[in-house]
Engineer: 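Just dropping this structure here.
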Amino acid sequence: MELAKAYDPRAAEEHHYKRWEDNGFFAPEINQDPNAASFSIVIPPPNVTGSLHMGHALQHTLMDVLTRWKRMQGYRTLWLPGTDHAGISVQRKIVEQLRSDGKTPLEIGREEFIARAWKWKEQYGDTITEQMRREGASVDWSRQRFTMDESLSAAVREVFCTLYEQGWIYRGLRIVNWCPKDKTVLSDLEVKEETKKDGKLWYLKYPIAGTGRTLTVATTRPETMLGDTAVAVNPSDERYRDLVGKSIDLPLTGRQIAIVADEYVDAEFGTGAVKVTPAHDPNDYQIGQRHDLEQLLVMNDDGTMNTAAGRDFEGLDRFKAREKVVERFESLGLLEKIDDYEVTLPVCERCKTVVEPILSEQWFVKMDEMRDMALELIRDKGVPHFFPQVPHEKVYTAWLENLKDWTISRQLWWGHQIPAWYDKDGNVFVARSEEEAREKAGSDELTRDPDVLDTWFSSGLWAFSTFGWNGQVTETADLEAFLPTDVLVTGRDIIFLWVSRMIMLTRKFTGKKAFEDVVVTGTVLGKDGKPMSKSRNNGVDPLEMFDKFGVDATRIYLASIATGADIKWNDLLIETYRNFANKIWNATRFCLLNADEASVEKAALGEVGLPLADRWIVSRLNQTEIDLNLALGKYEFHTAVSLLYHFFWDDLCDWYIELKKDEITSGDQAASTRIVTIIEQALRMLHPFMPYLTEELWQKLPGTGSSLHNHAYSSAEGTIMLADFPTGEAGLIDGAAEKEMGAVIDLIKKVRNIRAEMTISPSIKFTIHIAASAPDQEIFKANEAQILKLARAEKLIISDVLAAPKASAKAVTNEARIAISLEGLIDFEKEKARLSNQIGKLTEEKARLEGQLGNSNFVEKAPKEKVTALRERASELDAQISALQTNLDSLI
RNA sequence: GCCGUCUUAGCUCAGCGGUAGAGCACUCGCUUCACACGCGAUAGGUCAGAAGUUCAAAUCUUCUAGACGGCACCA
């Protein structure tokens with residue numbers, strides 16, 4: 001078998017995915033074991049307008065690792081893919097598209113608009129799903145879902161109606177977050193804070209009616225004064241007590257407003273007098289409620305001032321209006337002063353427009369009942385279990401405790417239109433269909449509420465709507481098999497927005513948990529240490545990384561990031577794993593060079609009397625498998641990667657294959673069979689991380705096929721992705737072999753060290769003298785050929801006492817005293833320095849140990865095995881130091 | 001304001017109560033018949049600072065400094 005000289009990721013990526021998909025390997029139905037337990041993950045549905053970014057690549061990698069791992073273990077495994085309809089984003093795309101055609105949404109009408117949106121979705125909505133195929137994601141495409149699929153939409157209607165009927169959903173006039181650009185309301189979670197250091201605080205003088213005096217109020221939004229309907233002061237504020245009950249002649253408006261006393265006002269802050277604009281500020285709204293104040297709306301939905309703002313201001317943008325109000329106050333002599341003031345502005349998460357708090361009639365969900373259910377789950381049962389637990393469990397719990405009503409209506413056309421109808425008197429009828437609404441209303445003249453629901457309302461149902469629940473159908477085989485899902489892998493930015501809501505809605509409507517575990521990934525930052533973003537232009541495209549380093553390298557690099565940790569992007573690190581892939585490729589290639597009659601054969605590893613290296617690698621392999629399964633079980637992907645990396649590179653390549661080189665090149669078929677068997681098993685444990693490379697190599701190994709499959713997949717066509725995942729057998733961990741191999745490795749390393757330090761050319765082959773105990777001598781004798789090979793020596797002389805010429809370099813290990821004859825090569829000064837250096841290091845360690853052992857508190861209180869271990873180490877050090885010292889003395 | 005995280009080798013990061021680790025970069029040496037995307041060998045850290053708990057602290061506690069995150073408030 002002849003393999004190419006270097007691994008070409010592209011070639012492997014091209015055909016394997018198609019074969020896996022076409023053969024149905026990703027679907028749970030591939031599992032033929034009727035008793036198989038289920039394992040399921042639902043994907044956090046990416047936005048249909050999106051394309052793959054590094055955050056997706058990271059999350060998808062972890063989900064795929066888990067899915068492939070569980071599938072190989074024989075679970076009936078489902079990773080369900082899909083996308084969400086992204087209300088605002090799609091809406092914006094269509095509006096832009098129309099604008100370039102010189103049209104507006106109103107001109108074409110709702111129906112045409114939605115038709116265009118669907119067309120857009122058909123055309124571009126698959127970008128991300130195609131990119132997922134490139135990633136190697138083993139999702140079941142036959143179960144792909146979209147939040148606006150008919151069944152998922154029915155689920156939305158059902159949930160809305162049920163919550164309404166139970167009194168959890170209501171329609172009300174509240175101060176909401178309004179985005180004047182998108183012309184829709186936003187939930188609190190879709191609003192972000194932006195600090196502006198160059199903000200201002202304007203002090204406006206309001207004339208007190210009939211007094212000739214003024215009362216100064218401070219504001220950051222002067223234009224809202226046009227909607228003022230009161231001024232409030234604290235009731236216990238002596239300065240203003242006499243003013244309560246009097247009126248203000250509100251400038252620029254000709255209106256007279258009251259001065260009221262309200263506890264909300266902080267007498268210490270500003271002037272102690274607050275202008276009250278109930279229709280444009282949440283706190284003012286509350287004051288207005290308490291004092292029965294008029295709610296005067298002075299703005300339109302696009303952020304311009306409306307008729308109520310007065311003729312001079314009508315039609316002006318809110319910021320222009322602000323300037324004009326300030327100018328007017330100044331010319332009236334009513335502007336007291338302007339202070340610099342750092343303000344935090346609420347901005348729309350998506351378009352960064354300053355959000356306007358505005359009085360508006362919207363639909364809300366009262367979260368009390370669901371919140372309590374979720375709190376009970378996390379507090380009493382610890383569900384979901386967050387990985388990492390700190391800080392997410394606490395943050396999540398605290399958020400739930402302070403949960404407010406959720407604004408769910410959006411002034412958009414693209415999405416799930418609210419199933420509510422109004423009769424001509426404005427009475428509302430919530431119903432699952434228009435027919436039902438007509439029945440309830442007893443009228444045919446109904447108008448449907450034009451608004452749609454928040455996209456997160458539908459994605460909140462994702463854990464069960466995707467399995468067929470839609471209100472009519474509440475029991476399906478998939479719900480039974482796959483809900484609760486096992487784990488959710490997602491970013492921390494949507495824990496509140498999505499994860500928490502899914503937990504609550506799933507519990508409420510199915511009585512089940514949405515998932516047991518939540519793996520929270522960190523953020524992949526740009527090279528500058530800031531989150532990747534278009535505006536910073538510091539993004540790294542996963543597809544470019546796939547092209548440059550291969551999908552597998554990118555995947556295993558992403559998996560190597562500690563769970564939940566942020567990481568600064570660095571190409572060099574992927575390169576490490578590109579090199580890793582190539583290393584594995586070449587190791588396999590080498591082992592197959594002369595292995596024409598070898599074949600994967602599990603029994604070959606269990607034979608008695610195997611050489612040390614074989615017993616050792618089997619032990620290392622099994623230990624790695626055990627540790628790997630433990631790490632994955634705890635979602636410690638980075639530990640898993642490190643185990644794999646070190647097993648393949650250090651144990652397998654640097655030692656085992658190097659030790660076996662002669663056997664491989666000479667065509668020893670028994671040895672090759674063992675090597676091939678070990679590689680095959682190792683590839684299996686690597687497969688979840690590097691699916692393409694491992695499949696490519698596995699297919700080339702002699703003797704691979706469906707016979708190696710987990711029993712659940714015995715009838716499927718041969719593929720590593722259905723092979724049995726190695727569990728590691730404790731019985732195959734061979735302590736003696738590890739210890740003996742350790743002695744051999746230590747010896748070889750010391751000899752190499754001498755060669756390097758004494759700058760002896762690798763081409764010079766010298767004689768190694770060693771002295772060791774009788775049992776250790778046996779070990780060295782048995783491995784003479786290997787030692788000579790790896791130490792690049794020509795002769796090994798083993799005896800009870802070290803007999804070496806004076807012109808030699810010396811070293812010691814725990815098991816051996818070593819001398820290299822260097823007749824004509826040795827530099828005595830160098831050798832002296834080398835020995836002194838080593839003695840120095842060991843003496844330092846010895847001093848530390850003696851300090852500890854001399855401490856009676858330590859000896860009394862520390863665990864006995866600790867003390868014993870230190871004593872042993874101390875005596876080893878003693879022996880080594882004195883041997884080195886003897887060597888040094890002989891040189892002087 | 002409240003809650004929380006981070007600060008470890010030049011860089012990017014693991015480790016989180018028992019002798020400081022990895023990859024990359026650096027230094028030295030290698031056309032050693034799989035791999036230079038490689039091989040071998042070094043060097044490099046008072047684990048941000050201070051105090052405390054402990055026989056033992058990078059690891060636990062408290063404080064300080066710097067970086068950052070979430071929530072609340074913002075006239």
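Below, read A as the first sequence line, B as the second, and so on, with proteins coming before strands; counting in each chain starts at 1. A quick note: this is a predicted structure, and the numbers were derived from the prediction, not measured. Worth knowing before you read on, the calculation uses all heavy atoms, side chains too, and leaves out hydrogens, waters and symmetry mates.
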Engineer: To the nearest angstrom, how far is A:Asp188 atom CG from B:C74 atom P?
Structural biologist: 13 Å
Engineer: Which nucleotide sits closest to the side chain of A:Pro762: B:C35, B:C30, B:C37?
Structural biologist: B:C30
Engineer: Taking 4.0 angstrom as the limit, do A:Lys275 and A:Asp284 come out as a salt bridge?
Structural biologist: no
Engineer: Look at all strands and tell whether A:Lys661 reaches a base, only sugar-phosphate, or nothing, counting heavy atoms closer than 4.0 Å.
Structural biologist: base
Engineer: Kindly say if A:Tyr264 contacts the phosphate of B:C74, meaning a side-chain N or O under 4.0 Å from OP1 or OP2.
Structural biologist: yes
Engineer: Please state whether the phosphate of B:C37, meaning OP1 or OP2, lies under 4.0 angstrom from any side-chain nitrogen or oxygen of A:Arg578.
Structural biologist: no
Engineer: Please determine if a side-chain N or O atom of A:His392 lies less than 4.0 Å away from the OP1 or OP2 oxygen of B:G69.
Structural biologist: no
Engineer: So which atom in A:Thr224 and which in A:Thr277 form the shortest heavy-atom distance, rounded to 0.1 Å?
Structural biologist: O-CG2, 3.3 Å
Engineer: Side-chain N or O of A:Trp569 versus OP1/OP2 of B:C13: is the shortest distance under 4.0 Å?
Structural biologist: no
Engineer: Quick one: on RNA chain B, does A:Cys591 or A:Phe496 contact a more 5' nucleotide (nearest heavy atom)?
Structural biologist: A:Cys591
Engineer: If you only use heavy atoms from C-beta on, which nucleotide in B:U19, B:U12, B:A34 is closest to the side chain of A:Leu573?
Structural biologist: B:U12
Engineer: Is A:Arg873 touching bases, backbone alone, or none of the nucleic acid, heavy atoms closer than 4.0 Å?
Structural biologist: base
Engineer: Distance check: side-chain N/O of A:Asn753 vs OP1/OP2 of B:U42, anything under 4.0 Å?
Structural biologist: yes
Engineer: A:Glu575 near the nucleic acid: base, sugar-phosphate alone, or nothing, with a heavy-atom cut-off under 4.0 Å?
Structural biologist: nothing
Engineer: Between B:C60 and B:A22, how far apart are the C1' atoms? Round to whole Å, please.
Structural biologist: 26 Å
Engineer: Please state how far atom CG in A:Asp339 lies from atom P in B:C74, giving the value in whole angstrom units.
Structural biologist: 19 Å
Engineer: When we call it a touch if two heavy atoms are under 4.0 Å apart, what does A:Ala398 touch: a base, just sugar-phosphate, or nothing?
Structural biologist: nothing
Engineer: Between B:C37, B:C55, B:A41, which nucleotide gets closest to the side-chain atoms of A:Asn855?
Structural biologist: B:C55
Engineer: NE2 of A:His280 versus C1' of B:C74: gap in Å, rounded?
Structural biologist: 19 Å
Engineer: Which one, B:A34, B:C39, B:G18, comes nearest to the side chain of A:Asp654?
Structural biologist: B:C39
Engineer: Atom CG of A:Leu849 to atom P of B:A56: distance rounded to whole Å?
Structural biologist: 16 Å
Engineer: Can you tell me which stems involve RNA chain B, if a stem is defined as three or more consecutive Watson-Crick or G-U wobble pairs, both distances under 3.5 Å?
Structural biologist: B:1-7 with B:65-71, B:10-13 with B:21-24, B:27-30 with B:38-41, B:48-52 with B:60-64
Engineer: When you measure only distances, ignoring hydrogens and angles, does the side chain of A:Glu401 come within 3.5 Å of the base of B:C71 through a donor and an acceptor?
Structural biologist: no
Engineer: Rounding to a whole Å, what distance do you find between A:Leu652:CG and B:G38:P?
Structural biologist: 16 Å
Engineer: Quick one: the side chain of A:Thr344 and the base of B:C74, do they pair up donor-acceptor inside 3.5 Å?
Structural biologist: yes
Engineer: Check this one for me: any side-chain N or O of A:Lys583 less than 4.0 Å away from OP1 or OP2 of B:C35?
Structural biologist: no
Engineer: Using whole Å, what does the distance between atom P of nucleotide B:C24 and atom OH of A:Tyr557 come to?
Structural biologist: 14 Å
Engineer: Without hydrogens or angle criteria, can the side chains of A:Gln880 and A:Asn814 be said to hold a donor-acceptor pair below 3.5 Å?
Structural biologist: yes
Engineer: Need one value for A:Ala862: base, sugar-phosphate or nothing, where a base atom within 4.0 Å counts as base even if backbone is also close, heavy atoms only.
Structural biologist: base
Engineer: Using a heavy-atom cut-off of under 4.0 Å over every strand shown, decide if A:Val390 touches base, sugar-phosphate, or nothing.
Structural biologist: sugar-phosphate
Engineer: Let's see if you can work this out: which of B:G18, B:A34, B:C24 has an atom nearest to the side-chain heavy atoms of A:Cys653?
Structural biologist: B:A34
Engineer: On the side chain of A:Glu268, is there an atom forming a donor-acceptor pair with the base of B:A75 - under 3.5 Å, no angle test?
Structural biologist: no
Engineer: Kindly say if A:Lys841 contacts the phosphate of B:A43, meaning a side-chain N or O under 4.0 Å from OP1 or OP2.
Structural biologist: yes
Engineer: Taking only Lys NZ, Arg NE, NH1 and NH2, and the carboxylate oxygens of Asp or Glu, determine whether A:Arg239 and A:Asp237 approach each other closer than 4.0 Å.
Structural biologist: yes
Engineer: Counting side-chain heavy atoms from C-beta on, which of B:C3, B:U19, B:U12 comes nearest to A:Lys394?
Structural biologist: B:C3
Engineer: Salt-bridge test for A:Asp339 and A:Lys337: reply yes if a basic N is under 4.0 Å from a carboxylate O, no otherwise.
Structural biologist: yes
Engineer: Name the orientation class of the two ring planes belonging to A:Tyr645 and A:Tyr577 (parallel below 30°, tilted from 30 to 60°, perpendicular beyond 60°).
Structural biologist: perpendicular
Engineer: Nearest to the A:Lys568 side chain among B:A72, B:U12, B:G4, which nucleotide is it?
Structural biologist: B:U12
Engineer: Where the side chain of A:Leu201 is concerned, which of B:C24, B:A75, B:C37 is the nearest nucleotide?
Structural biologist: B:A75
Engineer: Decide whether A:Trp649 and A:Asp651 meet the rule of one side-chain donor and one side-chain acceptor closer than 3.5 Å.
Structural biologist: no
Engineer: Would you indicate what A:Ile567 reaches in the nucleic acid, counting non-hydrogen atoms under 4.0 angstrom: base, sugar-phosphate, or nothing?
Structural biologist: sugar-phosphate
Engineer: Pair A:Arg873, A:Glu845 - check salt bridge (charged side-chain N to carboxylate O under 4.0 Å, His left out), show working.
Structural biologist: CA-CA 10 Å; A:Arg873 179 63 187 153; A:Glu845 191 186 337; 2.9 Å; yes
Engineer: Mind telling me whether A:Phe496 and A:Trp399 have parallel, tilted or perpendicular rings, with 30° and 60° as the class edges?
Structural biologist: parallel
Engineer: Between A:Thr868 and A:Glu865, do the side chains contain an N or O donor and an N or O acceptor separated by less than 3.5 Å?
Structural biologist: no
Engineer: Please pick, from B:G70, B:U5, B:A75, the nucleotide with the shortest atom-to-atom distance to any side-chain atom of A:Val395.
Structural biologist: B:G70
Engineer: Which whole-number value in Å describes the distance from A:Ile754 CD1 to B:C28 C1'?
Structural biologist: 17 Å
Engineer: Does a side-chain N or O from A:Lys789 land closer than 4.0 Å to OP1 or OP2 of B:U32, or not?
Structural biologist: no
Engineer: So which nucleotide from B:A34, B:U12, B:G23 ends up closest to the side chain of A:Thr576?
Structural biologist: B:G23
